[in-house]
Undergrad: 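One structure, pasted below without further comment.
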Amino acid sequence: HGVLSGRVVSQNLVAVGVFVKEGAVLANVESITGAAPVARATRDGVVREVLVKPGDIVRAGQVIARIEPVVK
């Protein structure tokens, strides 16, 4: 879920099929000081779906990506 609101930028936008670790940046939005993280992974896993693209306006609380947990 996003923690900020703003316009999604292409920098660090996560891709489907990528393995991410908990805390990894999933997407950034434009801010006064440059790109700011809008969402981070809440668990280790593989990105199965990215629900935003560069240029989209997102709101705090919006789901940015779906991550399938890795079964150990």
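Computed over heavy atoms, backbone and side chain alike; hydrogens, waters and symmetry mates excluded. Note that the coordinates shown come from a computational prediction; the quantities given were computed from them, not determined experimentally.
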Undergrad: For the atom pair CD1 (I64) and CG (L51), what is the distance rounded to the nearest 0.5 Å?
TA: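 Going from the CD1 atom of I64 to the CG atom of L51 covers 8.0 Å.
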Undergrad: Roughly how far, to the nearest 0.5 Å, is NZ of K21 from CZ of R40?
TA: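 R40 atom CZ to K21 atom NZ measures 15.5 Å (nearest 0.5 Å).
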Undergrad: Can you tell if the side chain of V14 reaches within under 4.5 Å of the side chain of I67, non-hydrogen atoms only?
TA: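 Not in contact.
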Undergrad: Check for me, please, whether V63 and V58 land in the same ILVMFWY cluster - side-chain distances under 4.5 Å, paths through other members count.
TA: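 Each belongs to a different hydrophobic cluster.
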Undergrad: Without swapping roles, check the side chain of D56 against the backbone of V8 for a donor-acceptor pair under 3.5 Å.
TA: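 Judged by distance alone, no pair lies under 3.5 Å.
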Undergrad: Got a second to check how far E30's CD is from L4's CG, nearest 0.5 Å?
TA: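 Taking CD in E30 and CG in L4, the distance rounds to 12.5 Å.
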Undergrad: Taking all non-hydrogen atoms of both residues into account, name the closest pair between L26 and A65 and its distance.
TA: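 Where L26 meets A65 most closely, the heavy atoms are CD1-CB, 4.4 Å.
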Undergrad: Going hydrophobic residue to hydrophobic residue with side-chain gaps under 4.5 angstrom, can you get from V18 over to V70?
TA: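 Different clusters.
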Undergrad: Between P54 and V9, is there a side-chain heavy-atom distance shorter than 4.5 Å?
TA: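 Not in contact.
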Undergrad: Tell me, please, which residues at least two apart from R66 pass side chain to side chain donor-acceptor pair (under 3.5 Å).
TA: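 R66 satisfies side chain to side chain donor-acceptor pair (under 3.5 Å) with E49 once adjacent residues are dropped.
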Undergrad: Of all heavy-atom pairs between V29 and S5, which one has the smallest distance, and what is that distance?
TA: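 So the minimum-distance heavy-atom pair works out to CG2-O, 4.2 Å.
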Undergrad: Can you tell which of V47, T42, V46 makes a side-chain contact (heavy atoms from CB on, under 4.5 Å) with V20?
TA: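 That would be V47; it is the only one of V47, T42, V46 passing the side-chain contact (heavy atoms from CB on, under 4.5 Å) with V20.
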